[in-house]
Amino acid sequence: MPELPDVEGFRAYIERTSLHKTIEKVDVRSPEILRGVSANKLVRMLKGRRLESTRRHGKYLFVQLDGGWWLLYHFGMTGQPRYFKDMSDDPRYDRVLISFTNGFHLAYDCQRKLGAVGVTESVDEFIRERKLGPDALDVDFAAFTEALHGRRGMIKSALMNQHILAGIGNIYSDEILFQARIHPITRVKYLSEKRLRELFDSMRRVLTAGIDHTVRSKALPDSYLLSHRGEGEMCPGCGCKVEKLRISGRTAYYCPECQGMG
DNA sequence: AGTACCACCTGACGGC
DNA sequence: TGCCGTCAGGTGGTAC
């Protein structure tokens, strides 16, 4: 489930808990989640180093080491960082455990192993190699329309496509489309300038609200579709029944009344 | 370029 | 009780 707002919350969490502390020990419990680096190499790279700063791009979180390289996290569906002192608080699905000389630990907790941990020398190079689009909160309206330009597919697929815009997943794409009153299967090329503007505004509003609520660990307002994301639930806008649709293997929830095809 | 579909992974849940 | 299918969804690969 971690999408842009959640990962931004994780970034802030690591920022306030884990920086500037010397790494004493690294324990790779599930080496299969490592990407492009062996357990031995990761341990060698981290030991004795400090985490100095953070950066997020889309759903990726990068943490810079004092040597210049970056540790990178992708949280898949169930991943999260956890900072704690007592080993009795070590999360059940801790896959990579970093222990600092101050006695505290930073765990990469990930129940389903759909996430990844790795290293990179350059964040920009990593983004280029992965062909990630610009971060969804980093684009202005011109860059937003540029990213969507020439697309013929469905708007929900486009919003979730990390090559077009990085950071939006299934849950937030539903909310963004709901608030922009756009049906998920609408073709990108049929969106007018006005509709694109409404979509862009909705995207910014929803993502920033998501960050705000994530950081304060509060639920999103009841007026959001997210709070009613289930079959047969009531639309917070008009009260009619929320419907679901299968779009390229993902379940899209939407309000057929508020998000009519026009 | 876009889409459908599969696989990865683990736990919850419903049906029988 | 317990077995089975299905679902959740981020990503990546394949086939069309």
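Just so we're clear, the structure is a prediction, and the values are computed from it rather than from any experiment. FYI, side chains are in, hydrogens and waters are out, and symmetry mates aren't considered; it's all heavy atoms of this structure. So that the names make sense, note that chain A is the first sequence line, chain B the second, and so on, each numbered from 1.
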Just how far, in rounded Å, is [atom2] of [N] from [atom1] of [X]?
X        : N      : atom1 : atom2 : result
A:Phe75  : C:dG10 : CZ    : C1'   : 13 Å
A:Lys113 : B:dC8  : NZ    : P     : 13 Å
A:Arg92  : B:dG11 : CZ    : C1'   : 9 Å
A:Arg250 : B:dC5  : CZ    : P     : 13 Å
A:Arg246 : B:dA4  : CZ    : C1'   : 11 Å
A:Arg187 : B:dA1  : CZ    : P     : 15 Å
A:Glu32  : B:dC9  : CD    : C1'   : 10 Å
A:Arg152 : B:dG2  : CZ    : P     : 6 Å

Report yes if a side-chain nitrogen or oxygen of A:His74 is closer than 4.0 Å to either non-bridging phosphate oxygen (OP1 or OP2) of C:dG10; otherwise report no.
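The answer is no; no side-chain N or O of A:His74 sits under 4.0 Å from OP1 or OP2.
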
Any A:Ser157 side-chain nitrogen or oxygen under 4.0 Å from OP1 or OP2 of B:dG2:
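Checking B:dG2 against A:Ser157, no side-chain N or O comes under 4.0 Å of OP1 or OP2.
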
Would you tabulate the side-chain donor-acceptor contacts of residues 62-71 of chain A under 3.5 Å, counting partners in other chains and residues two or more places apart, or write 'none'?
from	atom 1	to	atom 2	distance (Å)
A:Gln64	OE1	A:Ser53	OG	3.3
A:Gln64	NE2	A:Gly68	O	3.3
A:Asp66	OD1	A:Arg50	N	3.0

What heavy-atom pair brings A:Arg95 and A:Gln111 nearest, and what distance separates the two atoms?
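Residues A:Arg95 and A:Gln111, closest heavy atoms: NH2-O, 2.7 Å.
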
With sugar-phosphate meaning primed atoms plus P, OP1 and OP2, does A:Gly249 contact a base, only sugar-phosphate, or nothing at under 4.0 Å between heavy atoms?
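Answer is nothing: A:Gly249 stays at 4.0 Å or more from every strand.
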
Please work out if A:Thr78 contacts a base, only the sugar-phosphate, or nothing of the nucleic acid, heavy-atom cut-off 4.0 Å.
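Answer is nothing: A:Thr78 stays at 4.0 Å or more from every strand.
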
If you take any heavy atom closer than 4.0 Å to DNA chain C, which residues from residues 170-186 of chain A end up in contact?
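A:Asn170, A:Ile171 - these, ordered by number, are the residues of the stretch whose heavy atoms sit under 4.0 Å from the strand.
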
By a strict heavy-atom criterion of less than 4.0 Å, which residues belonging to residues 158-168 of chain A are in contact with DNA chain C?
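Here the set is A:Gln162.
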
Please confirm whether A:Arg82 makes a cation-pi placement over A:Tyr13, using NZ or CZ under 6.0 Å from the six-membered ring centre and within 45° of the ring normal.
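Satisfied, under 6.0 Å and within 45°.
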
Nearest to the side chain of [X], which nucleotide is it out of [options]?
X        : options               : result
A:Lys59  : C:dG10, C:dG9, B:dG11 : C:dG10
A:Gln111 : C:dA8, B:dG2, B:dG11  : B:dG11
A:Arg151 : C:dG9, B:dG11, B:dG2  : B:dG2

A:Lys244 and A:Thr251: side chain donor to acceptor below 3.5 Å:
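Looking only at side-chain atoms, A:Thr251 and A:Lys244 do not form any donor-acceptor pair under 3.5 Å.
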
In terms of ring plane angle, is the pair A:Phe126 and A:Tyr60 parallel, tilted or perpendicular, where the classes change at 30° and 60°?
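Correct class here is perpendicular.
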
Step through the shown structure and confirm whether more than 12 heavy atoms of other residues, nucleotides or ligands are within 6.0 Å of CD on A:Glu32.
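Yes, CD of A:Glu32 has more than 12 neighbouring heavy atoms, counting only those of other groups under 6.0 Å.
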
Counting only heavy atoms not in A:Tyr190 (residues, nucleotides, ligands), do more than 12 fall under 6.0 Å from its OH?
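Count not over threshold, so no.
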
Does some side-chain heavy atom of A:Pro184 sit less than 4.5 Å from a side-chain heavy atom of A:Met154?
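In short, these two side chains do not touch, never coming nearer than 4.5 Å.
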
Give the intermediate values and the outcome of side-chain contact (heavy atoms from CB on, under 4.5 Å) for residues A:Thr78 and A:Leu114.
CA-CA 8 Å; A:Thr78 55; A:Leu114 297 177; over 6 Å; no

Centroid-to-centroid, A:Phe178 to A:Tyr254, below 6.0 Å?
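Not under 6.0 Å, so no.
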
